[in-house]
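Worksheet: one structure, shown below.
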Amino acid sequence: MGWWSAYFLAKLILYGMGYLDFHPWLNLAFAVFAALPPRNARQQLTKNLLAVPMGVVLLYHDSWLPPFVQAAAQLQNLRALSPEYLWELAGRLISWKLLLELAAMLALYSLVSRKLRMSTFAFLGIIGVMVAPHVKVWPGASPAQAAAAPSQVALATAPINLSPDALNTRLQQFYAAQRKIRVRFPRGAAEDAPFDILILHVCSLAWDDLRALRLAPDPLLGHFDVVLTHFNSAASYSGPAAIRLLRGTCGQTPESQLYDPADEGCFVMDGLQGAGFEPHWLMNHDGHFGNFFGDVHDRGGLSAPLEDNTGATPAQQAFDGTPVYSDYSVLSRWWARRQTNPAPRLALYYNTISLHDGNHVLGAGHPDSSYGARFMLLSSDISRFLEELRASGRHVIVVLIAEHGAALDGGRGQIQGLREIPTEAIARVPVALALVNAVRPAQVAQEKVDAPLSYPAVSELLSRLIGSSPFDKPVTSLDTYSNALPQADFVAENNGTTVVQVGTQYMMRSPDGAWSSLK
Ligand SMILES: [Zn+2]
């Protein structure tokens, strides 16, 4: 087998460390081919000519990189990225530590291989990967379990079925239950004090990003009355996140249906318009990347014209070289226009990419473009805008909701900053709600809702606030609004990859339909 044993042993070690997947049958077949003894030099050459491309393809298949067809489709988007950002991504793809480790392994291999037949170890390793899932380990019952009532024991130790069939069924049941969800917005009573609803959709912000950089959420979320701590964005890219939010009066749909016409009554902005709110649309970018404009307008059903933002102050240069305008500048200019608009109730969808990976802050010298610096900038812009809303004296409900995380921690199978696999670290995002100019007693604490929620919960919250205006009476507790919101299990999708929470585990279904566990 020669140096091919080094190929298999290196892959087995990388698999053990969690850097690679390992398809045992394909690898076994390839190992048998690699072990065939050539009869002459010609056969040797032919074998190597075949084996090298096969080895490369198999390595790609075993890697966590997106399937080749999908990667090729992404090239279209890659062309739009600025060269600086591409270089930055390439640097992250190559881990110098990993390269050094591989070099050390090869050196060790060449030493040991003189004494031992390494191909035997390669075959043993591959067979070990095949056999491992079938070895049953019987854990002894803990004293606590032994003392518990029989029914509790059954619950606590009932094995969760993680077979592909059981997981597929679980997913089907999830979507079947979600299909029944419909939230309706009532019309506020004529005598109610009117208010506006401002939805601020923030790209690239997850709880995990704040944790990874040890950023306190307070500079941003401290200004809000309610924070949802376990919200699932169900997506890891901007387009699907926007469609899901804008279709959030209905339950979660499979990603493949996001691009089909929406079911009746699923469009949030249509629903709000029916409840008397004039729809508006604003962004701090032009929305051309990844056809975000089309996702909001066509798939998300937001028919209001996109407002011109080009008079605002540019604050950053985006990852694709286009301008990103200052959030405060864009929002406050819009608010000035709103105050001259006679409509009593108005609903705004605002989208910001100020936190997106690869953006550069504009300014003299060497401005700080780090995520942390841009998070502080966004926080101060939003708090300044909230102050301005307060000063206007108008009643406003502001909903801040993140699209998906920035994947700052990378994690298994992902390049830092790229988001192919919609993990919990990417899809668990902050959502917060502020009641601007509501009468609230001094020193009332921010309310935290820890239940697992998704978009219908936000629609339900808005529906309750419209049905019983919080601006007509002093609001001491928001419990009546935030209690018993519709809950949902964690299911997130991106480009055909699905991540499902099962108990305390996260299971991933690849685009080819195979299930694996995310550690
Ligand atoms: Zn985004």
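Here the structure is a predicted model, which is why all the values come from computation and not from measurement. We count ligands from 1, going down the list as the structure has it; atoms in each ligand are counted the same way.
- Nearest approach of Arg184 to Ser463, heavy atoms of both residues: O-OG, 2.9 Å.
- At a threshold of 2.8 Å, the Zn ion (ligand 1) has a backbone or side-chain N, O or S atom of Ser238 nearer than that distance.
- Under the 3.5 Å distance criterion, the side-chain polar atoms of Gln501 are left unmatched by any main-chain donor or acceptor of Asp489.
- Between the Zn ion (ligand 1) and His356 there is no N/O/S contact shorter than 2.8 Å.
- The nearest pair of heavy atoms linking Glu403 to Asn351 is OE2-ND2, 2.7 Å.
- Residue Phe277 holds its CZ atom at 12.5 Å from CG of Leu348, rounded to the nearest 0.5 Å.
- Closest to the Zn ion (ligand 1) among the N, O or S atoms of Glu403 is OE1.
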